[in-house]
Amino acid sequence: MPKKFKPGDWVRIKGKLTAPKMQVLKYTVHKAPFLGVKDQDTFLECVWYNHGKRYVETFHQNALIHHRNADGLFKTYNSPNPLRLT
């Protein structure tokens, strides 16, 4: 199966509106529990932050979609009306 993502891509879980924005770290080796087959090209290790905690989890690449807005992991406040001194 061809790889859909590369390290550094921004992704979300497909079908979940409240899913966190995650960054792909790498493709990982996944071993099937009953068959013992190792798969290197379909499982991704992703990272995201929530309230200052770092979470890392492995997902199948077909469960993820690209995220269009890649601003970063942290939310920042931007004033809608910049202050003017003149």
Side-chain angles (χ1 to χ4, degrees):
M1 178 179 284
K3 294 181 178 181
K4 293 182 179 180
F5 305 102
K6 60 184 179 193
D9 283 349
W10 293 96
V11 295
R12 282 195 168 212
I13 298 174
K14 197 184 296 185
K16 290 190 177 182
L17 297 176
T18 59
K21 180 172 57 170
M22 302 178 285
Q23 189 173 22
V24 175
L25 293 176
K26 63 182 177 179
Y27 276 89
T28 62
V29 175
H30 182 77
K31 185 177 179 183
F34 296 111
L35 302 174
V37 178
K38 292 184 180 180
D39 188 9
Q40 296 180 337
D41 295 334
T42 58
F43 286 89
L44 297 159
E45 189 173 300
C46 299
V47 63
W48 74 94
Y49 293 88
N50 189 10
H51 300 293
K53 287 188 176 181
R54 183 177 193 251
Y55 297 94
V56 178
E57 196 168 333
T58 304
F59 299 97
H60 192 277
Q61 71 178 2
N62 291 341
L64 302 173
I65 57 172
H66 275 98
H67 189 321
R68 292 182 184 179
N69 187 7
D71 292 337
L73 290 175
F74 300 103
K75 294 180 181 178
T76 57
Y77 176 75
N78 291 329
S79 175
N81 298 325
L83 297 174
R84 296 185 182 179
L85 298 176
T86 58

Legend entry - All side chain to side chain contact (heavy atoms under 4.5 Å, CB included) counterparts of P20, not counting sequence neighbours: M22, W48
Inset, instruction - Can you measure from CZ (F43) to CG (N62) and round to the nearest 0.5 angstrom? - result: 9.5 Å
Legend entry - Residues that I65 engages under side chain to side chain contact (heavy atoms under 4.5 Å, CB included), provided they are two or more places apart: R12, K14
Legend entry - Contacts of type side chain to side chain contact (heavy atoms under 4.5 Å, CB included), residue A19, not counting sequence neighbours: I13, K16
Legend entry - For E45, side chain to side chain contact (heavy atoms under 4.5 Å, CB included) partners two or more places apart: L25, K26, T28, V56
Inset, instruction - Flag the pair Y55 / E57 as yes when at least one side-chain heavy-atom distance between them is below 4.5 Å, and no otherwise. - result: no
Legend entry - Atom pair CD/CG of Q61 and L44 - distance to nearest 0.5 Å: 6.0 Å
Legend entry - L64 side, atom CG; K4 side, atom NZ - distance, nearest 0.5 Å: 9.0 Å
